[in-house]
There are 2 protein chains.
Amino acid sequence: MSTVSALAYKVIRSLILEGRFIPGERLKEEELTDLCGVSRTPVREALRRLALEGLVVLTPHQGAQVAEIGEIELQEIYALRAMIESHAAGRAAKRIALSAIARLKVLAGQMEDAVAQAVRRRQTKLYERYTTANSEFHRIIMEAADSPRLSAMATLVVEVPLILRTLARYSESELSRSLHHHRELIEAFEARDEDWASSVMRCHIRAAAQAVVRPEGEAEPAGNDQGQPLGQVG
Amino acid sequence: MSTVSALAYKVIRSLILEGRFIPGERLKEEELTDLCGVSRTPVREALRRLALEGLVVLTPHQGAQVAEIGEIELQEIYALRAMIESHAAGRAAKRIALSAIARLKVLAGQMEDAVAQAVRRRQTKLYERYTTANSEFHRIIMEAADSPRLSAMATLVVEVPLILRTLARYSESELSRSLHHHRELIEAFEARDEDWASSVMRCHIRAAAQAVVRPEGEAEPAGNDQGQPLGQVG
DNA sequence: GCCCTCGGATTTGTATACAAGAATATCACG
DNA sequence: CGTGATATTCTTGTATACAAATCCGAGGGC
């Protein structure tokens with residue numbers, strides 16, 4: 001879209017996802033007007049859309065505020081995400097192009113490299129490379145599912161947790177498992193086995209949920225590996 | 001909401017669902033302005049919301065038109081509905097109140113009566129009583145699932161097919177099966193068996209999909225029963 | 001006769017002005 | 001000094017005016 005409304009939407013959405021506005025914070029239209037450089041009308045449209053997507057809640061005559069998400073709500077969201085993405089993986093298994101599978105392999109490799117480096121150097125700066133590749137990985141699968149409505153639902157549950165800015169703390173073993181999930185998923189795609197693909201994706205998301213929901217300081221079951229903080233997970 | 005935007009939303013939505021606007025028909029803002037008795041601003045907000053819900057599609061600088069739904073798209077929608085409602089049924093099994101179960105029994109009975117009457121009198125006017133009870137049946141389950149996001153997704157896939165105004169043609173045996181599904185669902189709830197409930201609901205929706213997707217004149221497998229036309233099914 | 005181009009009309013997108021409701025501060029009273 | 005009613009101020013909701021883009025038809029060229 002080349003409309004100003006779309007711009008306002010992107011700007012406000014970015015501000016929220018980047019943490020410039022914290023959950024519960026009130027969003028005054030005039031304030032956003034300044035930040036976006038547009039008038040109130042497109043700002044209002046953007047807010048309405050963000051509300052439909054669950055990033056903000058808006059109450060009549062009281063304006064908008066960034067959505068707040070509780071622990072149990074987060075659980076619920078991850079359950080929905082497991083449902084949606086596993087469904088997508090199933091559809092993708094029957095539809096995904098070979099070129100897309102090739103791309104998935106590249107991305108899986110990149111994530112493996114990123115983890116290997118981080119582990120070797122004992123650094124926790126895994127974020128960027130991993131999450132970028134991971135996001136594209138999931139996006140490709142969702143696109144291969146070729147269902148606009150499913151995609152719409154996915155954004156509903158993928159983006160909302162991001163406003164929490166909770167870095168999932170993956171243990172080394174959990175990271176390893178995640179990487180194996182990626183490879184297994186690719187195998188399932190190559191086998192065109194939708195049930196297999198769907199099942200792997202479900203595991204993948206449920207496992208991610210564990211790493212996210214687990215509170216900051218809570219220790220992993222055993223081992224001396226410190227958690228690897230990651231942005232978008234799964 | 002007591003705002004005028006909400007009014008415009010309801011009015012336009014009703015007009016579409018009642019078939020006053022046919023799929024593909026263009027919706028001019030000024031025209032809707034007259035029909036709703038409000039100015040363009042709330043009309044535009046309503047259209048944006050309806051677009052997010054999938055009832056209308058809007059292209060920049062070209063306005064809105066009622067969504068068109070193809071055969072394969074309808075299949076896709078029913079697949080999503082099966083996913084969502086079965087998930088809801090599973091959650092509901094663990095949460096639904098006994099009073100709600102009691103209400104489900106009443107509704108199941110009403111639907112059975114409606115079908116019995118229609119069959120006895122050989123009349124096809126089953127619509128009202130059945131669909132009303134059926135809608136409430138499904139709504140109760142969705143509410144029992146207690147997940148606002150899931151509910152939002154449900155409206156996304158439940159309402160859109162309605163703009164087609166395709167009456168599902170249920171054969172007598174299919175109707176009977178549907179009624180049995182209702183009873184089985186209730187049993188699953190009483191047993192608090194989420195997997196059972198989820199599975200039954202999935203069957204229920206998939207069966208409904210068959211009755212809807214099947215073209216107008218296509219005959220049922222066997223038997224001399226003429227199709228029972230129903231509005232909202234499943 | 002057909003197609004392309006240009007101009008008017010129509011329609012959507014955006015800004016702004018005005019109205020209505022909610023939050024807050026002030027002042028009077030207990 | 002605390003409490004409550006009231007008034008002010010601020011914010012949102014709605015209407016309208018203006019700008020920009022698209023659509024449609026007339027006219028001319030090929």
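Just so you know, these numbers come straight off a predicted model, no measurement behind them.
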Distances for protein N/O vs nucleotides 9-11 of chain C N/O pairs under 3.5 angstrom?
from	atom 1	to	atom 2	distance (Å)
C/dT11	OP1	B/Lys28	NZ	3.2
C/dT11	O3'	B/Arg26	NH2	3.3

List for me each residue that meets side chain to side chain contact (heavy atoms under 4.5 Å, CB included) alongside B/Glu30, sequence neighbours excluded, and say none if there are none. none

Go through DNA chain D in 5' to 3' direction and return only the first and the last nucleotide with some atom under 4.0 Å of chain B's heavy atoms. D/dT14 to D/dC23

A/Glu31: salt bridge (Lys or Arg N to Asp or Glu O under 4.0 Å) partners, not counting sequence neighbours: none

Does B/Lys105 have any salt bridge (Lys or Arg N to Asp or Glu O under 4.0 Å) partners at least two apart in sequence or in another chain, and if so, which? B/Glu190

Qualifying residues under side chain to side chain contact (heavy atoms under 4.5 Å, CB included), relative to A/Leu98, sequence neighbours excluded: A/Ile101, A/Arg192

In chain order, what residues pass the salt bridge (Lys or Arg N to Asp or Glu O under 4.0 Å) check against B/Arg103, with sequence neighbours excluded? B/Glu136

Expected list for residues 51-65 of chain A: side-chain donor-acceptor pairs under 3.5 angstrom, two or more places apart:
from	atom 1	to	atom 2	distance (Å)
A/Glu53	OE1	A/Tyr9	OH	2.8
A/Glu53	OE2	A/Tyr9	OH	3.0
A/Glu53	OE2	A/Arg49	NE	3.4

Under the ring-ring contact (aromatic ring centres under 6.0 Å, His included) test, which residues partner B/His182, sequence neighbours left out? B/Phe137, B/His204

For A/Ala82, side chain to side chain contact (heavy atoms under 4.5 Å, CB included) partners two or more places apart: A/Arg202, A/Ile205, A/Arg206

CG of B/Leu32 versus P of C/dT12: gap in Å, rounded? 9 Å

Just to verify, what does A/Glu194 make a salt bridge (Lys or Arg N to Asp or Glu O under 4.0 Å) with, not counting sequence neighbours? none

Could you list by number each residue of residues 35-43 of chain A showing a heavy-atom separation from DNA chain D of less than 4.0 Å, or answer none if no residue does? A/Arg40

